[in-house]
Amino acid sequence: MFLASSAKPIDDNLKNLVDEIEAQSLSLSVLAARQFRYSLRQTPIEVNIKEPRQFNVLEEFIIRAAIEFKPPPTEDELASVLGLDSVFIKTTTTTLRSLQTLSATSPITVTSEGRSFYEKGYVPQPPYPVQLNAITDPLSDKISFQSESLSETGINLPDLADFINIDHKIADISILTLEEIQKNIQASGLALHVPEEGKIVTSYKLLTPTQKIWKKISLFVIFDALEDKLSIQIRNGKQILESASNLLQVLHAEGKISLQALCKLSTETINFEREAILKQKNTEIEARLEKIRQKVLETAAHSSKKVDNSPVLGEAIQLRDGQISQTFS
């Protein structure tokens, strides 16, 4: 007889979730379930973003005049043509020069970058800063970015790092290239670096030192009788953390983690549970098959005893071809 649920190393606050997992399939049995904490690294950073805007009417006219007029006009000449105070023209050309759209010389001269902007119908704006939080997760082996900061809370649970040597292969934020920062921001689903729209992260800097943030996770040791397979599953609430689960599965296969230390589950107990579960599952399967066989036999026996008591509606007579009227031929 395998261990009752109360005798298994299952944390009390995970029992309901264990029941849900086992209810998913008759072949699944949770042998152990424990909660741990592990640390993330949070680094506040500031990124500068450069994105375009459409030209306003006066900007577009000034650039068009500089391209089409021969020779190109000065600010005063253009103001005279438009009937405007030259102050308006000079203020606008100053803005365009700060955006590298016009050269600093007079008459008004459009730069090669300015011509490109004009053809596309937009002009870049000065870069503006956005504050983000870089989250380094050693279990998922990735860096993500988010606007909100994780709160620093105390969690009174065993530290997973005391049982598992998690290699911190993720590079330190401070040594990442700008291209790596851009790619990670895109992978995080933040619409801050969208080159096809002209929106580009141009630089970044660290704001404050990296913080250690504790996170609660649950570890489940699950036996699948159908596949005769033992698996380790990591969850955040009900969400399965695939990368973390795969990592622990590999570490266990390589003998780098001990289920005895992690959740007081010895190899002997696992083997005993496996044999008991397989035996019970086989018994259950045989019982279901026997019920099916009995049902089939009962159905067959009932069918063989069934008599056709339908009333006779008429009499059929076989005729030769010559006896069939031409009306029906």
Side-chain angles (χ1 to χ4, degrees), residues 1-38 40 137-142 155 157-167 169 215-296:
M1 183 67 181
F2 57 92
L3 294 176
S5 297
S6 58
K8 294 179 182 179
I10 295 175
D11 289 356
D12 289 340
N13 52 357
L14 293 178
K15 287 181 179 179
N16 289 338
L17 188 50
V18 167
D19 291 340
E20 290 182 21
I21 293 172
E22 294 184 334
Q24 294 172 7
S25 171
L26 292 174
S27 67
L28 298 181
S29 297
V30 178
L31 304 186
R34 286 194 69 189
Q35 286 190 311
F36 295 89
R37 64 172 183 166
Y38 82 104
L40 305 173
D137 189 335
L139 275 183
S140 64
D141 194 27
K142 69 177 183 179
I155 299 177
L157 287 171
D159 187 353
L160 188 63
D162 293 338
F163 305 92
I164 300 173
N165 182 22
I166 303 173
D167 295 329
K169 299 177 182 177
K215 183 177 181 179
K216 183 192 298 183
I217 56 169
S218 304
L219 181 149
F220 298 85
V221 180
I222 304 171
F223 179 71
D224 189 336
L226 191 62
E227 298 184 9
D228 192 9
K229 179 183 177 182
L230 190 74
S231 62
I232 299 175
Q233 192 177 92
I234 300 295
R235 294 193 178 210
N236 176 23
K238 293 187 178 183
Q239 178 190 7
I240 300 173
L241 305 180
E242 296 289 353
S243 297
S245 299
N246 293 337
L247 173 62
L248 264 68
Q249 195 71 41
V250 170
L251 293 176
H252 179 250
E254 294 175 350
K256 294 182 178 179
I257 60 175
S258 166
L259 293 181
Q260 172 67 48
L262 266 176
C263 44
K264 300 177 183 178
L265 198 61
S266 67
T267 302
E268 293 76 12
T269 301
I270 293 172
N271 291 335
F272 177 80
E273 287 285 293
R274 173 183 172 276
E275 295 298 329
I277 291 170
L278 288 175
K279 183 177 179 181
Q280 187 205 33
K281 298 302 180 185
N282 289 335
T283 301
E284 291 174 353
I285 292 172
E286 285 298 327
R288 287 198 296 270
L289 288 175
E290 182 59 30
K291 287 182 179 180
I292 294 172
R293 281 194 291 266
Q294 290 298 324
K295 187 67 175 177
V296 170

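Between Ile222 atom CD1 and Gln233 atom CD the span is 4.0 Å, to the nearest 0.5 Å. How far CZ of Arg274 is from OG1 of Thr267: 13.0 Å, rounded to the nearest 0.5 Å. Atoms CD1 and CG, from Ile232 and Leu251 in turn, are 8.5 Å apart once rounded to the nearest 0.5 Å. Of the inter-residue distances, the one linking Ile270 atom CD1 with Leu265 atom CG reads 4.0 Å to the nearest 0.5 angstrom. Atom OG of Ser266 is separated from atom CD of Glu268 by 4.5 Å, given to the nearest 0.5 angstrom. In this structure, the separation between CD1 on Ile164 and CG on Asp159 is 10.0 Å, given to the nearest 0.5 Å.
The two residues Ile155 and Lys216 have their closest heavy-atom pair at CD1-N, 3.8 Å. Across every non-hydrogen atom of Ala33 and Val30, the tightest pair is CB-CG1, 4.4 Å. Of all the heavy atoms in Ile21 and Leu28, the pair that sits closest is O-CD1, 3.7 Å. Phe163 approaches Leu262 most closely through the heavy-atom pair CB-CD2, 3.7 Å. Closest non-hydrogen pair, Arg34 versus Pro158, comes out as NH2-CG, 3.4 Å. When all heavy atoms of Leu14 and Ser218 are compared, the closest pair comes out as CD2-OG, 3.5 Å.
Contact check for Leu17 versus Phe220: side-chain heavy atoms found under the 4.5 Å cut-off. Using a 4.5 Å cut-off on side-chain heavy atoms (C-beta onward), Leu259 and Val221 make contact. Using a 4.5 Å heavy-atom cutoff, the side chains of Leu248 and His252 are not in contact. Annotation: side chain of Phe223 is in contact with side chain of Leu230 (closest heavy-atom distance under 4.5 Å). Annotation: side chain of Asn236 is in contact with side chain of Lys215 (closest heavy-atom distance under 4.5 Å). Ile217 has its side chain within reach of Leu160: a pair of non-hydrogen atoms, C-beta onward, lies under 4.5 Å apart.
Sequence neighbours left out, the pairs with a member in residues 232-252 that pass salt bridge (Lys or Arg N to Asp or Glu O under 4.0 Å) are Glu20-Lys238.
The salt bridge (Lys or Arg N to Asp or Glu O under 4.0 Å) test applied to Glu254 returns Lys256, not counting sequence neighbours. Residues passing the salt bridge (Lys or Arg N to Asp or Glu O under 4.0 Å) test with Asp11, sequence neighbours excluded: none.
The environment of CG in Asn16 is sparse: at most 12 heavy-atom neighbours from other residues, nucleotides or ligands sit within 6.0 Å.
A donor-acceptor contact shorter than 3.5 Å links the side chain of Ser245 to the backbone of Ile234.
Each of Ser29, Ser231, Ser27 was checked for a side chain to side chain donor-acceptor pair (under 3.5 Å) with Asp224, and the lone residue meeting it is Ser27.
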